Amino acid sequence: MIYSPALQDHGLGHDPFKAIVTPRPIGWITAMSAKGEVNLSPYSFFNAVSTRPHIVMFSSEGKKDAVAFVEETGEFTCSLVTKALLQQMNQTSAPLPRGTSEYGHAGLEMAASTFVRPPRVAASPAALECKLLSVQQLVDFDGNTTDRWMVLGQVVGIFMDDAFIKDGRFDTVAAHPIARCGYADYAEVDHLFSIQRPPGG
């Protein structure tokens with residue numbers, strides 16, 4: 001099968017795009033407005049894009065509060081979503097009225113950040129503290145603007161719970177992070193394997 005994303009002529013019940021681009025890490029983003037309002041929301045269009053410097057991105061379909069707040073204050077945090085926090089993460093995806101605390105709605109506690117104003121999820125074993133680099137409205141190849149917004153941030157602080165540091169490494173398996181797959185599906189990281197990069201010719 002081959003189909004056109006523009007025409008959606010695949011004949012399936014749902015577009016399989018997100019099931020093919022998988023698994024995707026979840027950016028659990030906390031942003032703060034200039035008035036001090038706090039927003040917590042999960043984004044499955046999220047990833048690290050650079051190590052020197054450390055840069056992450058998340059993309060929003062629609063200019064939601066997280067994007068607007070980051071534009072206002074230039075900072076955000078990203079907390080690691082784990083299997084133990086799956087239900088709370090899902091609760092923070094609910095379309096709540098503006099001004100309603102996602103932290104309170106999901107029964108989560110905030111923890112103060114060190115380098116930025118927005119807090120992190122206290123129960124998460126790791127979090128990134130970020131300064132805004134840019135907010136870009138996405139444009140298609142015909143030059144049409146879309147209601148899709150990409151946020152790039154430089155990581156200025158990294159929190160790790162000491163309980164998850166083992167043999168000089170962050171113990172990913174012990175943290176049990178989850179990732180978004182297609183449809184309503186998620187994946188849990190509960191096993192790792194290593195492979196060495198081959199030498200050059």
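Just so it is clear, the structure is predicted and the values come from calculations on it, not from any experiment.
For the atom pair SG of Cys130 and NE2 of His54, the computed distance is 10.5 Å after rounding to the nearest 0.5 Å. Between the CE atom in Met57 and the OG atom in Ser59 there is a gap of 5.0 Å [rounded to 0.5 Å]. For the atom pair His176 NE2 and Asp171 CG, the distance stands at 8.5 Å (nearest 0.5 Å). Expressed to the nearest 0.5 Å, how far CD of Glu188 lies from NZ of Lys83 amounts to 4.0 Å. Taking CD1 of Ile29 as the reference point, atom CG of Asp65 lies at 13.5 Å (rounded to 0.5 Å). Note that CE of Met89 is 10.5 Å distant from CG of Leu40, once rounded to the nearest 0.5 Å.
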Report the C-alpha separation of Thr172 and Leu192 in whole Å, then their side-chain angles, then the decisive distance to 0.1 Å, and conclude whether the side-chain contact (heavy atoms from CB on, under 4.5 Å) test is met.
CA-CA 8 Å; Thr172 304; Leu192 295 179; 4.1 Å; yes

Dump the intermediate steps for side-chain contact (heavy atoms from CB on, under 4.5 Å) on Phe46 and Ile26, then the final yes or no.
CA-CA 6 Å; Phe46 166 82; Ile26 301 168; over 6 Å; no

Can Met160 and Ile165 be said to form a side-chain contact (heavy atoms from CB on, under 4.5 Å), step by step?
CA-CA 8 Å; Met160 291 184 293; Ile165 301 174; 4.1 Å; yes

Evaluate the side-chain contact (heavy atoms from CB on, under 4.5 Å) criterion for residues Asp15 and His10: first the C-alpha distance (whole Å), next the side-chain angles of each, then the deciding distance (0.1 Å), finally the verdict.
CA-CA 8 Å; Asp15 185 348; His10 45 69; 4.0 Å; yes

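A distance-only check finds a donor-acceptor pair linking the side chain of Ser79 to the backbone of Val121 [under 3.5 Å]. Under a 3.5 Å cut-off, the side chain of Thr146 and the backbone N or O of Leu138 do form a donor-acceptor pair. A donor-acceptor pair is defined here as one N or O able to donate and one able to accept, closer than 3.5 Å; such a pair exists between the side chain of Thr73 and the backbone of Met32. Judged purely by atom type and a 3.5 angstrom limit, Arg180 has no side-chain atom pairing as donor or acceptor with the backbone of Arg24. Although no hydrogens or angles enter the test, the distance criterion places a donor-acceptor pair under 3.5 Å between the side chain of Thr77 and the main chain of Pro119. Of the possible polar contacts, none joining the Ser60 side chain to the Lys63 backbone as a donor-acceptor pair under 3.5 Å is found. A donor-acceptor distance shorter than 3.5 angstrom exists from the side chain of Glu72 to the backbone of Ala34, with no hydrogens or angles considered.
Hydrophobic clustering, with ILVMFWY side chains joined whenever heavy atoms are under 4.5 angstrom apart, groups Leu86 together with Leu108. Note on Phe164: it does not cluster hydrophobically with Leu85, by side-chain heavy-atom contacts below 4.5 Å among ILVMFWY residues. Ile55 and Val70 fall into different hydrophobic clusters, where Ile, Leu, Val, Met, Phe, Trp and Tyr are joined by side-chain heavy atoms under 4.5 Å apart, directly or via other members. The same ILVMFWY cluster, assembled from side-chain heavy atoms under 4.5 Å apart, contains both Val49 and Leu133.
Using a 4.0 Å cut-off between charged side-chain N and carboxylate O, Arg117 and Glu75 make no salt bridge.
Residues Ser134 and Gln136 bring a donor and an acceptor atom of their side chains to less than 3.5 Å of each other. Side-chain polar atoms of Trp28 and Thr92 form a donor-acceptor pair below 3.5 angstrom. In this structure, a donor-acceptor pair under 3.5 Å is present between the side chains of Asn39 and Ser41.
Within 6.0 Å of CG on Asp142 lie more than 12 heavy atoms contributed by other residues, nucleotides or ligands.
The two atoms that bring Tyr186 and Cys181 nearest to each other are C-SG, 4.0 Å, heavy atoms only. Listed here is the closest heavy atom pair of Gly27 and Cys78: CA-SG, 3.6 Å. The two residues Val156 and Phe115 make their nearest non-hydrogen contact at O-CD1, 3.6 Å. Closest approach of Leu132 and Glu71 over heavy atoms only: CD2-CA, 4.3 Å. Nearest heavy-atom pair, Ala19 versus Tyr183, reported as atom, atom and distance to 0.1 Å: CB-CE1, 3.6 Å. Closest approach of Ala66 and Tyr43 over heavy atoms only: CB-OH, 3.4 Å.
Ring pair Phe58/Phe76 is perpendicular by interplanar angle, where above 60° counts as perpendicular and below 30° as parallel.
In this structure, Arg120 is positioned above the aromatic face of Phe159, its NZ or CZ under 6.0 Å from the six-membered ring centre and within 45° of the axis.
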